[in-house]
4 protein chains.
Amino acid sequence: MSAPVPAETTKGERTRERLRRAATRVFAREGYEATRVADIVREAGVTQPTFYLYFASKEAAYEDRVEAFRQRLQQTTLGNLLDPSIPHAEFTDRVALSFRRFLDLMAEDRELTEIGFFQPPGCTITKARLVHWVADNIAREQADRLFRGDLPAELIARLLVGLLEQFGRMEASDDRRRELARACAELFCHGTRPPPG
Amino acid sequence: MSAPVPAETTKGERTRERLRRAATRVFAREGYEATRVADIVREAGVTQPTFYLYFASKEAAYEDRVEAFRQRLQQTTLGNLLDPSIPHAEFTDRVALSFRRFLDLMAEDRELTEIGFFQPPGCTITKARLVHWVADNIAREQADRLFRGDLPAELIARLLVGLLEQFGRMEASDDRRRELARACAELFCHGTRPPPG
Amino acid sequence: MSAPVPAETTKGERTRERLRRAATRVFAREGYEATRVADIVREAGVTQPTFYLYFASKEAAYEDRVEAFRQRLQQTTLGNLLDPSIPHAEFTDRVALSFRRFLDLMAEDRELTEIGFFQPPGCTITKARLVHWVADNIAREQADRLFRGDLPAELIARLLVGLLEQFGRMEASDDRRRELARACAELFCHGTRPPPG
Amino acid sequence: MSAPVPAETTKGERTRERLRRAATRVFAREGYEATRVADIVREAGVTQPTFYLYFASKEAAYEDRVEAFRQRLQQTTLGNLLDPSIPHAEFTDRVALSFRRFLDLMAEDRELTEIGFFQPPGCTITKARLVHWVADNIAREQADRLFRGDLPAELIARLLVGLLEQFGRMEASDDRRRELARACAELFCHGTRPPPG
DNA sequence: AATGAATGAGACTTCATTCAT
DNA sequence: CATGAATGAAGTCTCATTCAT
């Protein structure tokens with residue numbers, strides 16, 4: 001068990017990484033359109049032509065960043081499929097865990113999340129894909145009677161995505177995120193009405 | 001009984017209105033940053049200097065449009081406060097009506113909705129305000145025991161706004177919107193778990 | 001019989017004309033690729049954006065100039081078709097006149113000729129077209145037994161165009177041009193061999 | 001009888017040759033200005049700094065290629081001086097042979113010909129020199145009464161060069177080139193008029 | 001003998017905005 | 001009330017060339 005060997009770090013790879021980080025930062029701060037390549041290279045400490053050594057265009061750099069986020073998002077989603085054998089009493093906790101994983105992912109690199117999930121032009125596609133991935137999970141979970149079957153899986157998926165839209169941008173400590181995830185799970189599972197009686 | 005007072009229709013007012021409509025269309029289609037004043041005036045059939053006769057800047061025109069949407073949104077929200085005396089059996093229907101009013105508003109002028117609710121840079125503020133307005137309603141309704149009191153009103157408000165984010169952009173007929181509103185109300189009130197038993 | 005009324009001379013038309021002249025000058029001096037829009041606008045006394053008010057691109061401006069030359073060239077060519085009833089004794093004189101018209105045209109605006117006839121990328125097409133137009137004339141004239149019929153019209157046309165390529169760039173006074181045209185006609189009609197005997 | 005002396009083939013010489021060939025190809029295809037050093041090195045399979053190991057600049061590489069063509073052209077021209085004792089009946093054939101040598105030279109390396117003879121900025125000088133060399137021949141041949149003496153040698157030389165300009169770029173088989181050369185000789189010697197009677 | 005990496009200088013083009021009429 | 005004409009400022013991208021190894 002050793003720490004992962006760092007990927008080859010030629011000078012070029014390091015420059016590329018600096019550019020990626022700078023691009024993430026600036027895109028997140030300014031938005032795609034308002035971002036100028038000049039800003040990115042200034043933050044990366046290189047000249048403009050160097051940028052074009054590593055990215056074909058401003059748009060290509062943006063796509064690179066957006067895809068990086070989507071990858072992570074898809075992985076997280078795939079890992080959140082619920083086991084049908086889950087005991088009833090633990091269900092909401094388990095859903096809270098799923099929300100926590102999403103919120104942790106989104107908090108881990110706020111800037112990348114900003115680009116991939118909240119800002120146009122990429123956010124629309126990201127969310128559409130997320131709805132799709134989540135709906136796949138939900139459909140199976142409906143088959144396992146984990147969720148109500150009287151509503152289309154896509155609708156339920158959208159409820160989840162809507163919650164992430166609302167809570168994914170919050171600045172929150174680890175503990176606070178755990179609480180938020182718990183609240184999301186509550187709302188997601190049981191809604192807003194008071195318990196009867 | 002007098003004839004309806006004719007809206008002021010000096011030539012200037014008509015030009016201003018044409019510019020507003022054109023701006024709405026182009027901002028919705030292209031987004032704020034990518035919109036060019038040249039496009040707006042082309043769609044409005046006037047020249048560029050004329051634009052500056054009616055709006056101080058591109059940004060001012062955008063603000064004008066965004067504010068128009070926010071006004072309507074606030075009105076709708078205020079009208080959606082629930083009457084505490086509502087019979088228990090009708091509750092979900094009543095919530096569905098609230099959703100329907102929101103979805104109708106958003107469908108009525110898709111382009112204005114796009115600008116005011118979905119596109120940066122304005123959408124963040126719009127949604128923040130909406131959360132605030134809705135949370136005011138929810139807080140009162142919690143006091144009236146209409147919603148569960150174990151979660152902050154703002155969280156519940158965000159659930160609602162998240163649903164609007166997910167469903168407010170759908171192309172849907174009147175009837176389909178009614179169904180959607182019903183589904184939203186169901187999810188909002190009772191969540192996604194199957195009924196016990 | 002009055003002098004032609006000058007075309008409408010709005011300020012815009014005058015600016016366009018200044019740009020045209022400047023473009024002609026610079027393209028002729030530097031060649032298409034090496035020409036910078038900055039040079040053109042400096043010579044025209046306007047700013048760069050103004051250039052794009054009148055031409056869609058550097059390339060469009062170039063095309064405009066090249067086409068202007070081609071128009072004139074085609075007109076001249078059409079006017080040079082020989083009358084079949086021409087007396088034998090006057091034939092070479094008449095061919096000399098044709099050459100003179102070509103050389104005059106090319107001398108009249110040296111810079112435009114440079115662009116349209118001598119410089120890439122336009123010159124290849126211009127010459128190909130000229131060969132075609134001239135060959136049309138030659139074919140008819142061969143039918144009228146004015147030129148030898150044992151060689152394809154296109155070959156004879158190319159002989160003519162080759163002569164223009166060689167003599168069209170010469171700086172020459174009116175009189176000198178007349179002489180040159182005469183010599184061209186001689187060579188074109190009778191070749192380089194000494195008269196027999 | 002010894003084996004042919006191997007051309008010096010140090011690794012460097014081979015690289016230089018690859019660069020030369022690549023440069024020829026790209027200059028011919030794109031023209032001097034539009035050619036990028038990046039294209040040349042890609043075709044040569046080396047990196048950009050290597051290019052500068054062998055040529056001082058893009059311009060130097062271009063000059064190298066142009067001069068290579070001019071050398072060959074001058075050799076061919078010198079070899080084409082007509083023997084004054086040539087029998088009258090064979091004269092046109094002999095001129096056709098001269099044209100054939102020129103056309104063969106130009107066909108042998110189309111790309112080098114393109115650069116040296118047809119494309120700016122080098123073509124103007126190449127042709128001027130060729131006119132000069134040919135005129136030297138013609139002047140002697142006029143003295144030998146092989147060509148008419150009533151026109152300056154330079155004019156006659158230009159007729160020849162003009163024909164090469166027209167026919168030197170044609171894609172043509174060996175046989176077709178022979179025919180073309182024959183036609184050129186005919187036109188060059190006797191012009192375009194039908195034979196009398 | 002060759003290259004990975006970088007850059008200075010500059011090209012074309014766009015756009016919000018204004019002036020003069 | 002409206003426009004024809006113009007521009008300052010800036011943006012993306014390219015390219016010949018060089019440095020350090």
Side-chain angles (χ1 to χ4, degrees), chain A residues 10-16 19 33-41 44-61, chain B residues 10-16 19 33-41 44-61, chain C residues 10-16 19 33-41 44-61, chain D residues 10-16 19 33-41 44-61:
Chain A
T10 61
K11 190 143 176 280
E13 278 309 315
R14 268 173 286 143
T15 301
R16 183 191 301 277
L19 277 167
E33 294 280 355
T35 288
R36 285 162 294 150
V37 174
D39 297 337
I40 295 176
V41 299
V46 299
T47 60
Q48 292 220 33
T50 299
F51 177 90
Y52 291 93
L53 228 49
Y54 295 95
F55 299 103
S57 63
K58 172 180 152 181
E59 191 184 343
Chain B
T10 60
K11 192 141 175 283
E13 276 311 310
R14 268 174 287 141
T15 300
R16 181 189 303 273
L19 277 167
E33 293 282 354
T35 288
R36 284 162 294 152
V37 173
D39 295 338
I40 295 176
V41 300
V46 299
T47 60
Q48 300 212 36
T50 300
F51 177 91
Y52 290 90
L53 240 43
Y54 294 96
F55 299 102
S57 65
K58 172 180 155 181
E59 191 184 343
Chain C
T10 59
K11 192 145 174 280
E13 278 310 314
R14 269 173 285 141
T15 301
R16 181 190 302 274
L19 277 166
E33 294 280 356
T35 288
R36 286 162 294 154
V37 174
D39 297 337
I40 296 177
V41 301
V46 298
T47 60
Q48 292 221 35
T50 300
F51 177 90
Y52 291 92
L53 230 47
Y54 295 96
F55 299 103
S57 64
K58 172 180 152 181
E59 191 184 343
Chain D
T10 60
K11 191 142 177 280
E13 275 312 309
R14 268 174 286 140
T15 301
R16 183 190 301 277
L19 277 167
E33 293 282 355
T35 288
R36 284 162 294 150
V37 174
D39 295 338
I40 295 176
V41 299
V46 299
T47 61
Q48 300 213 34
T50 300
F51 177 90
Y52 289 91
L53 239 43
Y54 294 96
F55 299 102
S57 64
K58 171 179 155 182
E59 192 183 343

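In this text, all values refer to a predicted model and were calculated from it rather than measured experimentally. Naming convention: chains lettered A, B, ... in sequence-line order (proteins, then strands); numbering from 1 in each chain.
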Worksheet item: Across all strands shown, which nucleotide pairs with F:dA10 by Watson-Crick or G-U wobble geometry, both distances under 3.5 Å?
Response: E:dT13

Worksheet entry | Residue whose nearest DNA chain F nucleotide is more 5′ - A:F51 or B:P49 | B:P49

Discussion item. Does a side-chain N or O of B:K58 approach OP1 or OP2 of E:dA16 to a distance below 4.0 Å, or not?
Written reply: yes

Fill in: Separation of atom CZ in A:R16 from atom P in E:dA6, rounded to whole Å
11 Å

Worksheet item: So, is A:T10 near the phosphate of E:dG4, with a side-chain N or O under 4.0 Å from OP1 or OP2?
Response: no

Discussion item. Of the listed nucleotides (F:dC1, E:dT7, E:dT14), which one gets closest to any side-chain atom of A:L53?
Written reply: E:dT7

Discussion item. Between D:G45 and A:V46, which residue's closest nucleotide on DNA chain E lies nearer the 5′ terminus?
Written reply: D:G45

Practice prompt. Looking only at non-hydrogen atoms, find the nearest pair between B:T35 and B:K58 and report the distance.
Written response: O-NZ, 2.8 Å

Discussion item. Any side-chain N or O of A:Y52 below 4.0 angstrom from OP1/OP2 of F:dC15?
Written reply: no

Worksheet item: B:T15 side chain N/O closer than 4.0 Å to the phosphate oxygens (OP1, OP2) of F:dA2?
Response: yes

Fill in: Any C:S57 side-chain N or O less than 4.0 Å from OP1/OP2 of E:dC12
no

Worksheet item: If we only count heavy atoms from C-beta on, is the D:T50 to D:V41 side-chain gap below 4.5 Å?
Response: no

Item to complete: Determine the contact category for A:F55: base if any of its heavy atoms lies under 4.0 Å from a base atom, sugar-phosphate if only primed atoms, P, OP1 or OP2 are that close, otherwise nothing.
Response: nothing

Worksheet entry | N/O (side chain, C:K11) to phosphate O (OP1/OP2, E:dA20) under 4.0 Å | no

Discussion item. From CD of C:E33 over to P of F:dT14, roughly how many Å is that when rounded to an integer?
Written reply: 15 Å

Practice prompt. Assess whether side chain to side chain contact (heavy atoms under 4.5 Å, CB included) is satisfied between C:L19 and C:F51, documenting all intermediate values.
Written response: CA-CA 7 Å; C:L19 277 166; C:F51 177 90; 4.0 Å; yes

Worksheet entry | D:T50 side-chain N/O to E:dT3 phosphate OP1/OP2 under 4.0 Å | yes

Worksheet item: Could you give the CD-to-P distance, from A:E13 to E:dA5, as a whole number of Å?
Response: 8 Å

Discussion item. Please report the distance, rounded to the nearest Å, between CD in D:Q48 and C1' in E:dT7.
Written reply: 12 Å

Worksheet entry | N/O (side chain, C:Y54) to phosphate O (OP1/OP2, F:dA6) under 4.0 Å | yes

Worksheet item: How long is the line joining CZ of B:R36 and C1' of E:dT14, in whole Å?
Response: 8 Å

Fill in: Smallest separation among heavy atoms of A:A56 and A:A60, with atom names
N-CB, 4.0 Å

Worksheet entry | F:dA20: pairing nucleotide in any strand, Watson-Crick or G-U under 3.5 angstrom | E:dT3

Fill in: For atom CD1 of A:I40 and atom C1' of F:dT12, their distance in whole Å
12 Å

